[in-house]
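Everything below concerns the one structure shown next.
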Amino acid sequence: MTIIVAGSLYIQPGKRDEFMACSNAAILLARANPECEDFAVSVDPVNECRVNVFEKWQTRSALEAFRNSGPENDSFAWITQFDINEYEIES
């Protein structure tokens, strides 16, 4: 099974660049996991408050373990709204 996590986050005005800088640690940690096939956080080219998220995991347990061990920072306080979905795909 493959788990896809995809969607967008809306960041407080003026905080997107700082949010992206804080995201680098999570990106590196996820990509170092052998069960993570892809992990990306990217700025939206049109909306200066939007950040796009895409994750691809081999197992739900790997995704949950990552979520419970991710880097600590205050960047989640800058999120004003989110629209993130998870999809389970049978291989």
Side-chain angles (χ1 to χ4, degrees):
M1 176 182 313
T2 298
I3 310 295
I4 302 289
V5 179
S8 54
L9 306 171
Y10 293 86
I11 310 302
Q12 293 175 3
K15 291 290 189 179
R16 187 177 73 174
D17 290 344
E18 195 171 352
F19 180 87
M20 290 300 299
C22 289
S23 296
N24 284 340
I27 293 167
L28 292 171
L29 182 63
R31 289 182 181 178
N33 185 316
E35 294 188 71
C36 177
E37 294 182 18
D38 196 7
F39 193 102
V41 180
S42 59
V43 298
D44 186 87
V46 177
N47 185 331
E48 66 184 39
C49 293
R50 179 177 162 163
V51 172
N52 299 309
V53 175
F54 180 84
E55 303 175 38
K56 185 177 179 186
W57 295 87
Q58 292 176 2
T59 64
R60 165 99 23 220
S61 60
L63 170 60
E64 294 299 329
F66 170 76
R67 286 183 175 164
N68 292 326
S69 67
E72 298 286 328
N73 61 51
D74 295 331
S75 63
F76 287 108
W78 302 325
I79 299 172
T80 61
Q81 181 182 344
F82 62 91
D83 181 18
I84 303 288
N85 294 291
E86 289 186 12
Y87 307 92
E88 292 185 4
I89 301 168
E90 294 292 329
S91 304

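In this chain, numbering begins with 1 at the start of the sequence shown. When reading the values below, keep in mind they use all heavy atoms of this one structure, side chains included, and skip hydrogens, waters and symmetry mates.
Considering only heavy atoms from C-beta on, Val53 stays 4.5 Å or farther from Phe82 through its side chain. Considering only heavy atoms from C-beta on, Gln12 stays 4.5 Å or farther from Glu18 through its side chain. The side-chain heavy atoms of Ile11 and Ile79, taken from C-beta on, include a pair separated by under 4.5 Å.
Closest approach of Pro13 to Cys49, counting heavy atoms only: CA-SG, 3.9 Å. Of all non-hydrogen atoms in Cys36 and Ala30, the two that sit nearest each other are CB-O, 3.0 Å.
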Requested in this report: Run the numbers on Trp57 and Asn33 for side chain to side chain contact (heavy atoms under 4.5 Å, CB included), then give the verdict.
Outcome: CA-CA 9 Å; Trp57 295 87; Asn33 185 316; 3.8 Å; yes
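Arg16 places a side-chain N or O within donor-acceptor distance of the main-chain N or O of Asn47, the cut-off being under 3.5 Å. With hydrogens and angles ignored, the 3.5 Å screen pairs a side-chain donor or acceptor of Thr80 with a backbone N or O of Tyr10.
Two different hydrophobic clusters hold Ile4 and Val41 under the rule that ILVMFWY side chains link at heavy-atom gaps under 4.5 Å. Linking ILVMFWY side-chain heavy atoms closer than 4.5 Å, directly or via other members, places Phe76 and Trp78 in a single hydrophobic cluster. Hydrophobic cluster membership differs between Phe19 and Phe54, with clusters built from Ile, Leu, Val, Met, Phe, Trp and Tyr side chains linked at under 4.5 angstrom. In the hydrophobic clustering of this structure, Phe66 groups with Met1; members are Ile, Leu, Val, Met, Phe, Trp, Tyr whose side-chain heavy atoms approach within less than 4.5 Å, directly or through other members.
Between atom CG of residue Asn52 and atom CG of residue Asp83 there is a gap of 10.5 Å, rounded to the nearest 0.5 Å. Once rounded to the nearest 0.5 Å, the distance linking CZ of Arg60 with CD of Glu35 reads 12.5 Å. Distance check: Glu88 CD to Thr59 OG1 gives 11.0 Å after rounding to the nearest 0.5 Å. Taken to the nearest 0.5 Å, the CG atom of Leu63 stands 9.0 Å off from the CZ atom of Phe39. Summarising the geometry, atom OG belonging to Ser8 is positioned 9.0 Å from atom CG belonging to Asn85; distances are rounded to the nearest 0.5 Å.
Crowding of Glu48 atom CD: a count of heavy atoms from other residues, nucleotides or ligands under 6.0 Å not exceeding 12.
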